[in-house]
Amino acid sequence: MPELNLRPEKMRILITGAAGFLGSHLCDRLLQDGHQVVGMDNFITGSPENLAHLANNPNFSFIRHDVSNFIFVPGAQDAVLHFASPASPNANSPFGYVNLPIQTMKAGALGTHNTLGVARAQQARFLLASTSEIYGDPQEHPQRETYWGHVNPISTRSVYDEAKRFAEALTMAYHRFHGIDTRIVRIFNTYGPRMRLDDGRAVPNFLKQALNGEPLTVYGDGQQTRSFCYVSDLIDGITRLLYSDIHDPVNIGNPSEISVLELAQAINRLTGNPGGIIFKADQRGEGDPQRRRPDITRAQELLGWNPQVGLEDGLRATIAHFMPATGNAATV
Ligand code: NAD
Ligand code: UDP
């Protein structure tokens, strides 16, 4: 493994999408590592509650702003992490990107251009939150970073996939042409505390239904697979990538693959939900990938990273987070 300094000099770091699920955990981790963090968000899918615990932290400040517009950040920045984007594909949720198509394309395209502009002006390092969705409905399994993907450019899902593919291309162009010190993380399905229970992604949707004692809605026949990573593992992988000098994309995700039906069964078992499972054959979105599992050899070899938290432990921690918040299950 190449030299990796896990205790780098203190930096001033801009994180877009800071009020979201991953962005807020990233703020916590980088503050713990001793950095100063400026969070930016427009709350389109995130929530101020995710950052409420940082209100009195002298090393944290927040700017409410839409990254699709020109970004001004007072003071010097040493790093820019671009996480702002809707992230759920579910057409049944108002927070799903299928229902926020233009905002999603603008966050991925204009937002990446603006955040790269900040990195260039400040000579800061840059990290892009990309996604396994750039592989589309993959014809190679598991997915290695060398795979170019299988994406329909005009499907309803394409607003997210193509914006992220453009974002990767623009990031590499800034790296090659302007010499910006960039990184690209391809994030695979990640779950944990602070997800929106109503954004429609499989884990929060199933949890919301289970905590209400309702049947879990499995789309299609449930034989499609995903590989679910617990948030602490993901944040550790992203932090290692930030502290590295790797410019090529790196997959970060848990390679343990299960079917959506097995996920639903596990959640019913762990929550004691009597509601069972119902199949919604017609609810499976256009282009919903049939199989997804990361090849994490690159992260293992270059970052010394391996996920530590198994699905059952991660789900237990996530359920424990949402249980007290729900109180009366009917209010979820
Ligand atoms: P999230 O919806 O919880 O967080 C996204 C945040 O970005 C929200 O707080 C939202 O308000 C903010 N945002 C969106 N558009 C914005 C804009 N124009 N200006 C300012 N803020 C804006 O989702 P998440 O799961 O935390 O995802 C964060 C990032 O990670 C996204 O870029 C997503 O594509 C990527 N990602 C996440 C996963 C996952 O499994 N969680 C997988 C792949 C990629
Ligand atoms: N899914 C499901 N029921 C739900 C929500 C999602 O069966 O209530 C399925 C969805 O069709 C997909 C998988 O779970 O096959 C993962 O969906 P998610 O929205 O979490 O994200 P994706 O991995 O598709 O981006």
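We number each residue from 1, following the sequence as shown. Note that ligands are numbered from 1 as they come in the structure, with each ligand's atoms numbered from 1 the same way.
Of the candidates R157, R201, Q224, it is R157 that places a heavy atom closest to atom 24 (O) of ligand 2.
At a 4.0 Å cut-off, at least one heavy atom of E133 sits close enough to ligand 2 to count as contact. In this structure, N189 counts as a contact residue of ligand 1, since one of its heavy atoms falls inside 4.0 Å of the ligand. Residue S130 places a heavy atom less than 4.0 Å from ligand 1. The shortest separation from a heavy atom of R292 to ligand 2 is under 4.0 Å, placing the residue in contact. Heavy-atom distances between S88 and ligand 2 stay at or above 4.0 Å for every pair. Put simply, no part of G111 is less than 4.0 Å from ligand 1, judged by heavy atoms. The shortest separation from a heavy atom of G200 to ligand 2 is under 4.0 Å, placing the residue in contact. At a 4.0 Å cut-off, at least one heavy atom of H65 sits close enough to ligand 1 to count as contact. Note on ligand 1: K164 sits in its first shell, one or more heavy atoms being nearer than 4.0 Å.
For atom 19 (N) of ligand 1, the closest non-hydrogen atom on the protein side is V67 N, 2.9 Å. When hydrogens are left out, the protein atom nearest atom 42 (C) of ligand 1 is I187 CG2, 3.5 Å; that is the closest non-hydrogen contact. At the shortest separation from atom 36 (N) of ligand 1 among protein heavy atoms lies Y160 OH, 3.8 Å. Ranking the protein heavy atoms by distance from atom 10 (C) of ligand 2 puts D288 OD2, 3.3 Å first. Closest to atom 30 (O) of ligand 1 among all protein heavy atoms lies L22 CD1, 3.6 Å. Looking at atom 20 (O) of ligand 2, its nearest protein heavy atom turns out to be A202 N, 2.8 Å.
Considering backbone and side-chain N/O of T190, one or more are found under 3.5 Å from N/O of ligand 1. The N/O atoms of N90, backbone and side chain alike, include none that comes under 3.5 Å of an N/O atom in ligand 2. In terms of polar-atom proximity, S47 is not counted as a contact of ligand 1, lacking any N or O under 3.5 Å from an N or O of the ligand. Considering backbone and side-chain atoms alike, T217 places an N or O below 3.5 Å from some N or O of ligand 2. By the 3.5 Å distance cut-off applied to N or O atoms, F83 is counted among the residues near ligand 1. No N or O atom of A84 sits closer than 3.5 Å to an N or O atom of ligand 1. Not a single N or O atom of A87, backbone or side chain, sits closer than 3.5 Å to an N or O atom of ligand 1. In terms of polar-atom proximity, defined here as any N/O pair under 3.5 Å, I44 does make such a contact with ligand 1. An N or O contact shorter than 3.5 Å is missing between M40 and ligand 1 by distance.
Between F188 and Y135, the ring-plane angle classifies as tilted under the 30° and 60° cut-offs.
H82 pairs with exactly one of V118, L128, T171 by the side-chain contact (heavy atoms from CB on, under 4.5 Å) rule, that one being L128.
Y230 has its ring centre less than 6.0 Å from the ring centre of Y191.
In Q209, neither the side chain nor the backbone holds a heavy atom less than 4.0 Å from any atom of ligand 2. When non-hydrogen atoms are compared, ligand 1 lies under 4.0 Å from the backbone of F43 (N, CA, C, O) but not from its side chain. Heavy atoms of R226 found under 4.0 angstrom from ligand 2 belong exclusively to the side chain.
In the hydrophobic clustering of this structure, L14 does not group with M11; members are Ile, Leu, Val, Met, Phe, Trp, Tyr whose side-chain heavy atoms approach within less than 4.5 Å, directly or through other members.
Near S68, the atoms of ligand 1 lying under 4.0 angstrom from a non-hydrogen atom of the residue are 18 (N). Close contacts of ligand 1 with R201, meaning ligand atoms under 4.0 Å from a residue heavy atom, involve 23 (O), 24 (P), 25 (O), 39 (C), 40 (O), 41 (N). Counting atoms of ligand 1 from 1 in the listed order, those under 4.0 Å from a heavy atom of D66 are 17 (C), 18 (N), 19 (N).
Ion pair E168/R165 not flagged as a salt bridge, since none of the NZ, NE, NH1 or NH2 atoms sits closer than 4.0 Å to an Asp/Glu carboxylate oxygen.
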